[in-house]
Chemist: 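Below is a structure I'd like to ask you about.
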Amino acid sequence: MKKILIANRGEIAVRIIRACKELGISTVAIHSSADKDSLHAKLADESVCIGPGPSLQSYLHIPCLMSAAEITGVDAIHPGYGFLSESAEFAKVCQIYGITFIGPLPSHIDALGDKVRAKKAAIQAGVPLLPGSNGVVHSAAEALAFAEEIGYPVIIKASAGGGGRGMKIARDAKQLPRLLQLAQNEAKIGFNNPDCFIEKYLEKPRHVEVQLVADSHGNCIAVGERDCSIQRRHQKLIEEALCPVLDEQTRASLCESAVNLAKIVGYQSLGTAEFLYENGSFYFMEMNTRVQVEHPVTEMVSGMDLVKQQILIAAGEKIPAQQPQFSGHSIECRINAEDPRTFAPWPGLVTSYHEPGGPGVRVDSLLYTNYRVPSLYDSMVAKVISHGANREEARLRMIRALEELRIEGIRTNIPFQLAVLKDDSFKAANVSTNFLQSFEW
Ligand code: ADP
């Protein structure tokens with residue numbers, strides 16, 4: 001592989017460019033006209049404007065992307081996360097063009113990208129699931145029958161859903177038909193697919209996910225797990241590796257379940273199997289067939305460069321034979337351009353930017369001084385990652401790193417993140433996915 005086009009923007013495009021540079025691979029950035037001054041466009045060897053600001057006409061526009069790939073003569077395309085990263089159609093188009101898609105095969109995305117199909121594969125692989133419909137529910141009567149069987153509360157989810165959107169919690173039979181209708185309508189509009197299913201809603205689970213790395217030679221390993229329980233409206237805000245509350249035995253069986261799921265479809269590339277964990281048991285939720293936002297915490301504790309590994313797998317190389325060893329603890333905070341109290345997006349001109357440094361601190365960001373954060377895209381502008389000999393050192397390092405980080409001109413959630421990091425329950429790792437619902441600062 002000599003030249004890679006990065007079909008993405010922001011910090012993940014910068015992250016991929018860095019991996020390519022270290023591998024001696026040339027890079028092509030694509031960007032919208034709203035992103036002409038973006039860091040990824042500046043750092044890549046070549047950059048091509050592929051359309052106007054709105055994503056549908058640029059980052060999601062397959063013909064424009066493929067034209068840029070043809071003109072620049074790339075061997076491969078890295079989709080990053082979001083945008084087209086989990087589009088089997090895009091992966092197929094790349095195949096037709098003879099360009100390597102740096103990700104799984106289209107058939108893997110088809111088999112695992114959709115939540116209902118992934119559950120079917122999980123059943124086959126003997127992976128534990130929450131009680132629920134497993135398949136699509138077609139009517140209110142069907143949903144009511146399942147809910148009666150598994151008991152309330154239940155959660156209604158879109159099969160094609162993502163990003164924490166469109167989930168509804170029904171606490172009794174009176175609410176269920178209306179919420180199902182609402183969820184189906186939202187799913188149709190948001191994901192172009194009205195299919196919904198129901199499962200048991202857990203009140204205080206932790207979100208624990210396994211990092212999978214699989215090559216095209218049939219090798220698949222789990223590079224430990226991450227705990228992503230600090231979420232706002234089902235969206236992750238702080239992630240850590242490894243999960244602070246798993247014992248070795250549970251870790252081993254969780255990782256084995258995830259590997260079994262990957263193996264049953266012959267999966268290759270990076271992937272993440274997401275689980276809920278409550279009262280000592282874990283339940284499979286869904287598989288993400290791409291690199292995750294929170295991949296750096298796994299890199300920090302395992303020493304494995306996941307993005308380079310993903311590129312090497314796509315180039316046909318074998319993954320390292322030895323099982324990964326873990327060292328210390330790592331925490332990631334997502335820094336968003338938003339008001340820290342109301343969470344309203346707050347894009348604009350960054351008048352001054354200073355990154356923290358020192359031992360055990362990494363920053364993956366798209367910012368620089370005098371950069372104007374556009375309003376059109378995701379509000380995440382940086383990820384701060386800390387690593388320490390243990391969780392407490394990683395936590396204290398993160399606090400001092402966030403106190404050092406300066407982003408002036410726009411509002412960010414740094415004060416909010418600091419408040420969470422200093423909270424006694426967070427310090428004690430005594431949290432669930434509902435922690436932020438009752439969090440006051
Ligand atoms: P998405 O694909 O939209 O991210 P997920 O299925 O991965 O959706 O779920 C995202 C989050 O929603 C989980 O981390 C958890 O906080 C919450 N959630 C999902 N399913 C359940 C459930 N059955 N019980 C409790 N919380 C759930």
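In each ligand, atom 1 is the first atom listed, and ligand 1 is the first ligand listed.
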Chemist: Please evaluate residues I414 and I335 with respect to the criterion side chain to side chain contact (heavy atoms under 4.5 Å, CB included), reporting the C-alpha separation (whole Å), side-chain torsions for both, the decisive distance (0.1 Å), and the verdict.
Modeler: CA-CA 6 Å; I414 296 172; I335 308 302; 3.9 Å; yes
Chemist: Could you check whether atom NZ of K200 has more than 12 heavy atoms from other residues, nucleotides or ligands sitting under 6.0 Å from it?
Modeler: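 For K200, atom NZ is crowded (more than 12 foreign heavy atoms under 6.0 Å).
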Chemist: Would you sort out whether Y277 and Y283 count as a ring pair (Phe, Tyr, Trp, His ring centres under 6.0 Å), showing the intermediate values?
Modeler: CA-CA 6 Å; Y277 177 70; Y283 310 93; 8.9 Å; no
Chemist: Hey, which residues fall under 4.0 Å of ligand 1 on heavy atoms?
Modeler: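 Correct list: K115, L130, I155, K157, G161, G162, G163, G164, R165, M167, E199, K200, Y201, L202, H207, Q231, H234, E274, L276, M285, E286, T433.
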Chemist: Work out which heavy atom in S257 is nearest to a heavy atom in P128; give both atom names and the distance.
Modeler: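 Between these two residues, the closest heavy atoms are OG-CD, 3.8 Å.
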Chemist: Less than 4.0 angstrom from a charged side-chain N to a carboxylate O is my criterion; do E199 and K157 meet it?
Modeler: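 Looking at K157 together with E199, the answer is yes, because their closest N to O distance falls below 4.0 Å.
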Chemist: Please determine, by modelled atom types, if H217 and E317 share a side-chain donor-acceptor pair under 3.5 angstrom.
Modeler: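 No - no donor-acceptor pair under 3.5 Å links their side chains.
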